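Each residue takes its place number in the sequence, starting with 1. Values in this document were obtained by computation on a predicted structure and should not be read as measured data.
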Amino acid sequence: MSVIDDFFNEIEKVLFAEASKNDWDLFNDLEDYFIDNNDMIFKESERISDLGYEMQDVIAEMTYMDDFTECRRKINKLYNEMKNEPQT
C-alpha cells in the first residue's frame, strides 16, 4: 500500500464519518497526516501533493465556521480530483 493510499484512507475517515462535535479533531488529524507525510506524497505525485495543500487551506477556513458542511463538500471535491490523478 502506498502513502497515497494511506492518505486517501485518512480522507475517507473524515468524509464518511457522521458529523459530530469531533469533526474539528478529525480534520486536524487529517491535516497532521498530510503535513507529516507530504514529502513521500510529493515523491509519488506532485499533483496530489498540490491538491493536499488546497485541502489544508480548506481546513484552515474551518477555524471561522460553526458548520463544516461546506468544508466537507470542498474536501470531497478535492478528494475526487486526487482519485482521478494517475499515480507513479
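Between atom CE of residue M55 and atom CD1 of residue I11 there is a gap of 5.5 Å, rounded to the nearest 0.5 Å. In this structure, CD on E54 lies 8.5 Å from NZ on K77, to the nearest 0.5 angstrom. In this structure, CD1 on I41 lies 9.5 Å from CG on D36, to the nearest 0.5 angstrom.
No more than 12 heavy atoms of other residues, nucleotides or ligands shown are found within 6.0 angstrom of CZ on F42.
When the side-chain contact (heavy atoms from CB on, under 4.5 Å) test is applied to Y53, the partners found at least two apart in sequence or on another chain are F34, N38, S49, Q56. For E12, there are no salt bridge (Lys or Arg N to Asp or Glu O under 4.0 Å) partners, not counting sequence neighbours. Listed by chain and number, the residues in a side-chain contact (heavy atoms from CB on, under 4.5 Å) with R73 are E70 (sequence neighbours excluded). Listed by chain and number, the residues in a side-chain contact (heavy atoms from CB on, under 4.5 Å) with L26 are V14, A17, D23 (sequence neighbours excluded). Every residue meeting the salt bridge (Lys or Arg N to Asp or Glu O under 4.0 Å) condition with E10, not counting sequence neighbours, appears here in chain and number order: K13. Qualifying side-chain contact (heavy atoms from CB on, under 4.5 Å) partners for D25, counting only residues two or more places apart in sequence or in other chains: N22.
Side chain of N76 to backbone of R72: no donor-acceptor contact under 3.5 angstrom is found.
The same ILVMFWY cluster, assembled from side-chain heavy atoms under 4.5 Å apart, contains both I4 and M40.
When all heavy atoms are compared, the tightest approach of G52 to M82 is N-CE, 3.5 Å. When all heavy atoms of I59 and W24 are compared, the pair lying nearest together is O-CZ3, 4.0 Å.
Contact check for N37 versus F7: no side-chain heavy atoms found under the 4.5 Å cut-off. With contacts defined as side-chain heavy-atom distances shorter than 4.5 Å, the pair L78/V58 qualifies. Side chains of Y33 and N9 form no contact here, defined as non-hydrogen atoms less than 4.5 Å apart.
Between E44 and S2, the side chains place a donor N or O and an acceptor N or O closer than 3.5 Å (distance only, hydrogens not considered).
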Would you please test K43 and V3 for side-chain contact (heavy atoms from CB on, under 4.5 Å) and show each step? CA-CA 10 Å; K43 287 177 185 174; V3 69; over 6 Å; no

Report the C-alpha separation of E81 and R47 in whole Å, then their side-chain angles, then the decisive distance to 0.1 Å, and conclude whether the salt bridge (Lys or Arg N to Asp or Glu O under 4.0 Å) test is met. CA-CA 10 Å; E81 287 181 52; R47 179 68 180 142; 3.5 Å; yes

